[in-house]
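What's counted below: heavy atoms across the whole structure, side chains too, no hydrogens, waters or symmetry copies. Chain A is the first sequence line, chain B the second, and so forth, proteins listed ahead of strands; every chain is numbered from 1.
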Number of protein chains: 2
Amino acid sequence: MPESLGVHVLLDLHGVEERRLADAAWLRDALVAAARRGGACVVETTFHRFDPQGVSGVVVLAESHLAVHTWPELGFAAVDVFTCGAEVVADAVAAAVVDALGAREVTTTRCTRGPRRDPRREEAEAAMAARRMAG
Amino acid sequence: MPESLGVHVLLDLHGVEERRLADAAWLRDALVAAARRGGACVVETTFHRFDPQGVSGVVVLAESHLAVHTWPELGFAAVDVFTCGAEVVADAVAAAVVDALGAREVTTTRCTRGPRRDPRREEAEAAMAARRMAG
């Protein structure tokens, strides 16, 4: 059982091909595919290309979200993926994004989100529920 | 001059009124107002109410994004705001969100994003440019 409500992974991707970072349609397809490959469920997408360059895109997930913001001129993309439920999903989606974008260098920050679960309290509650059912 | 491309602030809001966290329209209005109050420029919004409860909402900003995911039954909201440019904007938007949602307890994680700027290198480059102009 996970000890937090969800996991938020921030990825700084350096050294990504400029033409990929400038292509909103390609980024949308890549992120949707990465979300699915990581085991997440896509609800909606919204992608915008900015003038003169750069794309912002968000994939709303049943599990929370996956977002990308790009600076093609710097070869840089800031990605974040937040999923609730199984912690492995955020990590799997993050790995699939890194794989798709082909970054030369990746900096990862991983934060657990939500009220921490207290295993001792959960055990006590489970025991109490079991007693109620037996009683 | 900022030393990073942008700032990503993650807010865990505890003890928020359940009815607010269940109300997608109220949350959309609150987040759009908070983004504007913090000095950000709203591009688009997408909000979803999940069954049986919980809302996921994203406000796409010219500066990046502001997102919320709620667990009304826990009185909990996970918010994140990422803005590029002036670092004060992310902090100001975050403060406005906390104010609007009226959380009893807030946990904040603040991450700088993007290639770090090196002030010494920028100084050297500025000096070199000045020499070129003078020469």
So which of B:W71, B:F50, B:F82 has the largest heavy-atom pair count under 4.5 angstrom toward chain A?
-> B:W71
Shortest non-hydrogen contact from B:L74 toward A:P115 | CD1-CG, 4.4 Å
Applying the 4.5 Å side-chain criterion to the ILVMFWY set and letting contacts propagate, would A:L5 and B:V106 be lumped into a single cluster?
-> no
May I ask you to test the A:H8-B:T109 pair for a side-chain heavy-atom distance under 4.5 Å?
-> no
Any side-chain heavy-atom pair of A:S56 and B:H65 under 4.5 Å | no
Value rounded to 0.5 Å, distance of OG1 in A:T112 from CG in B:L10 = 10.5 Å
A:L13 versus chain B, heavy atoms under 4.5 Å apart: side chain, backbone, both or neither?
-> neither
Could you tell me which portion of A:A67 (side chain, backbone, both or neither) has an atom closer than 4.5 angstrom to a non-hydrogen atom of chain B?
-> side chain
Residue selection (most heavy-atom pairs with chain A, distance under 4.5 Å) from B:S64, B:G6, B:G54, B:G75 = B:S64
Contact class of A:H48 relative to chain B, heavy atoms under 4.5 angstrom | side chain
Are A:V9 and B:V81 connected in a single hydrophobic cluster, I mean Ile/Leu/Val/Met/Phe/Trp/Tyr linked by side-chain heavy atoms less than 4.5 Å apart?
-> no
So if you build clusters from Ile, Leu, Val, Met, Phe, Trp, Tyr with side-chain heavy-atom gaps below 4.5 Å, do B:F47 and B:V60 land together?
-> no
Heavy-atom distance under 4.5 Å between the side chains of A:H69 and B:R113, does that happen here?
-> no
Would you indicate whether the side-chain heavy atoms of A:V58 and B:T46 approach each other to under 4.5 Å?
-> no
Flag yes if B:V16 and B:F76 sit in one hydrophobic cluster, no otherwise; membership is Ile, Leu, Val, Met, Phe, Trp, Tyr, and two members link when side-chain heavy atoms are under 4.5 Å apart.
-> no
Is it true that A:V43 and A:L27 fall in one hydrophobic cluster, defined by side-chain heavy atoms closer than 4.5 Å?
-> no
Residue part contacting chain B, namely of A:V79, when any heavy atom lies under 4.5 Å | backbone
